[in-house]
Amino acid sequence: MKHILIIEDDIALNNGIALALKDADYCFHQATTLACAKELMLNQKMAMVILDINLPDGSGFEFLEVIRKDSDVPVIILTANDMELDEVRGLNLGADDYITKPFSLMVLRSRIESVFRRSVKQNKNIYIIDDLYLDFEQMFFKVGDRELGLSKTEQKLLFLLVENKDRTVTRGVLVDKIWTNAAEYVDENALSVAISRLRNKIEKDPGTPQYIQTVYGLGYTWGKKT
């Protein structure tokens, strides 16, 4: 599920966006001030920010500058400011899109989906899954606010499973890909041990895993268990 933060002081519009675009893939968090937005962003990893410019306690432009100092989270500016200079400023500060009011909710949904698609292409080795943050480019991994220390073997194993989401990866393929030329010398229990260690680090209840599922007699698959 993708968590999206709406920062908009028009309460009716804020509620309207959250209600109209709500679906199984999006969870909306709502803020009417920058102070509230900052608190929400501290408590939840956001997959996108929809940002108004004119807010009661400051400028959306200035908030965007703060965001871009340490985050590449996609940002869509949604504002009544329709001056070309404002749009150029917003895009130059790092906004991914700029939409002026009034607007169509259908268009907004389309823009959100488009920005997500571009973001996935640019960050193909970064995965945000619930409270898991998996950056295989920088080899940085978190569960919530807790950083994970993963061995090289665990990183390779995790990447193979996530990259093949909802597909079964056989034990033979996993052993061959992880241990490469040394696969024929690897103890057959090594993969089971690696799976167990990885589950202990990323699963809330390793005994009843939500992500790394065993496909008996074949191998493993990454798929959220509901």
Side-chain angles (χ1 to χ4, degrees), residues 1-4 21-28 44-48 71-74 96 109-226:
M1 179 176 289
K2 296 181 176 71
H3 292 264
I4 300 176
L21 303 187
K22 180 181 178 182
D23 65 21
D25 293 327
Y26 299 151
C27 175
F28 288 96
Q44 174 63 54
K45 180 78 176 180
M46 299 297 174
M48 177 178 287
S71 174
D72 59 358
V73 61
D96 296 86
R109 176 183 285 278
S110 178
R111 296 287 190 92
I112 289 172
E113 292 171 351
S114 176
V115 168
F116 273 135
R117 284 195 299 271
R118 294 201 303 269
S119 178
V120 168
K121 288 178 182 177
Q122 292 169 0
N123 302 296
K124 59 182 179 181
N125 288 329
I126 297 177
Y127 298 84
I128 300 172
I129 306 163
D130 298 330
D131 60 350
L132 292 174
Y133 180 84
L134 312 174
D135 184 346
F136 293 97
E137 191 75 29
Q138 301 296 323
M139 292 181 292
F140 179 75
F141 310 94
K142 290 196 311 178
V143 174
D145 294 325
R146 177 171 58 87
E147 185 175 347
L148 296 174
L150 301 182
S151 68
K152 292 292 184 183
T153 296
E154 290 163 350
Q155 290 177 29
K156 289 179 182 179
L157 176 56
L158 182 58
F159 181 72
L160 286 167
L161 292 172
V162 173
E163 190 182 40
N164 291 280
K165 180 180 181 294
D166 295 325
R167 294 198 295 267
T168 298
V169 187
T170 66
R171 291 181 63 89
V173 167
L174 288 171
V175 169
D176 184 59
K177 295 283 188 182
I178 294 169
W179 285 279
T180 58
N181 295 332
E184 59 184 296
Y185 304 107
V186 174
D187 185 284
E188 64 178 16
N189 194 46
L191 179 59
S192 298
V193 172
I195 288 285
S196 178
R197 288 177 177 169
L198 188 55
R199 280 174 171 160
N200 285 333
K201 292 181 179 181
I202 69 170
E203 301 278 6
K204 291 182 179 178
D205 180 3
T208 310
Q210 291 294 301
Y211 300 108
I212 303 175
Q213 308 297 327
T214 299
V215 182
Y216 292 99
L218 291 175
Y220 301 91
T221 185
W222 180 279
K224 182 75 178 289
K225 185 176 181 180
T226 57

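These numbers come from a predicted model, not from an experiment.
Here Lys204 does not pair with Asp130 in a salt bridge; the nearest charged N to carboxylate O distance is not below 4.0 Å.
Shown here is Arg109, whose CZ atom has more than 12 heavy atoms of other residues, nucleotides or ligands within 6.0 Å. The environment of Asp23 atom CG is dense: over 12 non-hydrogen atoms of other residues, nucleotides or ligands sit within 6.0 angstrom.
Considering only heavy atoms from C-beta on, Tyr26 comes within 4.5 Å of Phe116 through its side chain. Contact of the Leu157 side chain with the Leu191 side chain is registered, since non-hydrogen atoms from C-beta on lie closer than 4.5 Å. Between Arg171 and Tyr220 there is a side-chain heavy-atom pair separated by less than 4.5 Å. Side-chain contact between Leu158 and Trp222 is present, with heavy atoms from C-beta onward closer than 4.5 Å. Using a 4.5 Å cut-off on side-chain heavy atoms (C-beta onward), Trp179 and Thr153 make contact.
Lys201 approaches Ser151 most closely through the heavy-atom pair NZ-N, 4.4 Å. When every heavy atom of Met48 is checked against every heavy atom of Val115, the shortest pair comes out as CE-CG1, 3.7 Å. Contact detail for Gly219 and Thr168: the closest heavy-atom pair is N-CG2, 4.4 Å. Shortest non-hydrogen contact noted between Ala47 and Lys2 is CB-CB, 4.0 Å. Between His3 and Lys45, the closest heavy-atom pair is CB-O, 3.8 Å. The nearest pair of heavy atoms linking Glu163 to Tyr127 is CA-OH, 4.2 Å.
Without hydrogens or angle criteria, Thr221 side chain to Gly223 main chain gives no donor-acceptor distance under 3.5 Å. The backbone N or O of Leu150 sits less than 3.5 Å from a side-chain atom of Gln155, completing a donor-acceptor pair. Without hydrogens or angle criteria, Asn164 side chain to Arg167 main chain gives no donor-acceptor distance under 3.5 Å. The main-chain N or O of Tyr211 is found under 3.5 Å from a side-chain atom of Glu203 such that the two form a donor-acceptor pair. Without hydrogens or angle criteria, Arg197 side chain to Glu154 main chain gives no donor-acceptor distance under 3.5 Å.
Residue Leu174 holds its CG atom at 12.5 Å from NZ of Lys156, rounded to the nearest 0.5 Å. To the nearest 0.5 angstrom, Ile126 atom CD1 is 10.5 Å from Phe136 atom CZ. To the nearest 0.5 angstrom, Ile4 atom CD1 is 5.0 Å from Ile112 atom CD1.
Just one residue in the list Ile202, Asn200, Ile195 forms a side-chain contact (heavy atoms from CB on, under 4.5 Å) with Leu198, and that residue is Ile202. For the side-chain contact (heavy atoms from CB on, under 4.5 Å) test with Phe141, the passing option among Asp135, Leu148, Leu132 is Leu148; the others fail.
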